[in-house]
Amino acid sequence: MVLQAEEGLITTSLPVPVLVATAVPVERDAVARALPATAGEVRLPGASLVRTAAGWDLLAAGVGPALAAATTAGALTAAALAGRPYGLVVSAGIGGGFPPGAPLGSLVVADAITVADLGAETADGFLPVTELGFGTVTHRPPESLVRVVSEATGARTGTILTVSTVTGTAARAAALRARHPGALAEGMEGFGVAEAAASHGVPVLEIRAVSNPVGPRDRAAWRVGDALTALTEGFGKLAPALESWNAHDR
Ligand SMILES: O=C(O)c1cccc(C(=O)CC[C@H]2O[C@@H](n3cnc4c(=O)[nH]cnc43)[C@H](O)[C@@H]2O)c1
């Protein structure tokens, strides 16, 4: 496939242009290490897009669902206005893993991207916004793509929760597990990135490399370096796998 870029024509075998949204630059750079050299930087309101020679665009979109959604939406709009709309958005980064399903250093790919704390607290427990009559709480990546990515990278497949407050107690972890039995990991951006993608009608994927267990706060147990290495290795395998994915096979 040949894409029109600002620098001229670049070639890629990706079936569609892909936007990868991480939270912070160190995660973006971990993804970039798995891809061909960067081909330039594009300034957007609030963020810079790193463009690779192979047609992947990498964005450090910010921490938390709101900023990630706003920055991702800006990049999607800019690309659409430039006549080069993305065909896929990938939310990627480190995250907490629910033990024992998602150990430290493992990769998780979401079959459901679910916001865990968007709703109302009641005397009878938490009510998601959907039960209040509006909004959405889950986005589902294309099944065929989740399968391709999981087979290529060895990533475990399950729900990735998006939280605005990092889980820090055993009680909160247990409550999340009870409400979301399929949850394997949690992060802070996936649902925001997915909302932006959905508003542009673009499919979304979320991949997390596990840096810490979800549960009682223990900074000493963090393995950020190992998780970033896992992210790089995962994207090294994901990139060729994506080339075989048919974007219309959702
Ligand atoms: O200070 C703490 O105890 C603490 C514990 C976990 C994460 C943080 C962060 O500030 C990291 C936020 C950043 O990293 C992603 N992330 C990594 N681990 C988790 C997690 O267990 N739960 C939610 N998010 C996590 C997240 O997507 C942010 O981008 C601080």
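Worth knowing before you read on, the calculation uses all heavy atoms, side chains too, and leaves out hydrogens, waters and symmetry mates. Heads up: numbering here begins at 1 and tracks the sequence. Counting starts at 1 for both ligands and their atoms, in listed order.
- Side-chain contact between V89 and T72: present, with at least one pair of heavy atoms (C-beta onward) separated by less than 4.5 Å.
- Here's the thing with R219: one of its N/O atoms is less than 3.5 angstrom from an N/O atom of ligand 1.
- Using a non-hydrogen distance threshold of 4.0 Å, G95 registers as a contact of ligand 1.
- Contacts with ligand 1 closer than 4.0 Å are made by side-chain heavy atoms of N212 only, the backbone lying farther away.
- When only interatomic distances are considered, the shortest N/O to N/O separation between M188 and ligand 1 falls below 3.5 Å.
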Self-check item: Worked verdict on E186 versus T167 for side-chain hydrogen bond (donor to acceptor under 3.5 Å, both in side chains)
Solution: CA-CA 9 Å; E186 73 168 33; T167 299; 2.7 Å; yes

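- Taking every heavy atom of G96 and a limit of under 4.0 angstrom, the matching atoms of ligand 1 come to 18 (N), 19 (C), 20 (C), 21 (O).
- Assignment of V214 to the shell around ligand 1 is not supported, since no heavy atom sits closer than 4.0 Å.
- W222 CZ2, 2.7 Å is the protein heavy atom nearest to atom 6 (C) of ligand 1.
- Looking at heavy atoms from C-beta onward, V149 lies in side-chain contact with L205 at the 4.5 angstrom threshold.
- Using modelled atom types, one finds no donor on one side chain facing an acceptor on the other under 3.5 Å when comparing T114 with T159.
- Considering backbone and side-chain N/O atoms, E27 never comes within less than 3.5 Å of an N/O atom of ligand 1.
- Within the listing of ligand 1, atoms 29 (O) sit less than 4.0 angstrom from a heavy atom of A23.
- By the 3.5 Å distance cut-off applied to N or O atoms, R208 is counted among the residues near ligand 1.
- Heavy atoms of T167 come nearer than 4.0 angstrom to ligand 1 in no pair at all.
- The closest protein non-hydrogen atom to atom 14 (O) of ligand 1 is I94 CG1, 3.9 Å.
- Side-chain N/O atoms of R43 and S48 include a donor and acceptor closer than 3.5 Å.
- By the 4.5 Å heavy-atom criterion applied to side chains, L88 and L242 are counted as neighbours.
- Proximity to R217 (heavy-atom distance under 4.0 Å) selects the following atoms of ligand 1: 1 (O), 2 (C), 3 (O).
- At least one side-chain heavy atom of V63 sits less than 4.5 Å from a side-chain heavy atom of E189.
- Aromatic ring pairs are classed by plane angle as parallel below 30°, tilted from 30° to 60° and perpendicular above 60°; the pair F191 and H139 is tilted.
- R208 and E206 are joined by a salt bridge, as a carboxylate oxygen and a charged side-chain nitrogen come within less than 4.0 angstrom of each other.
- The protein atom (non-hydrogen) at minimum distance from atom 27 (O) of ligand 1 is E189 OE1, 2.7 Å.
- The nearest protein heavy atom to atom 22 (N) of ligand 1 is closer than 4.0 Å.
- Under a 4.0 Å N-O distance rule, the pair D57/R84 qualifies as a salt bridge.
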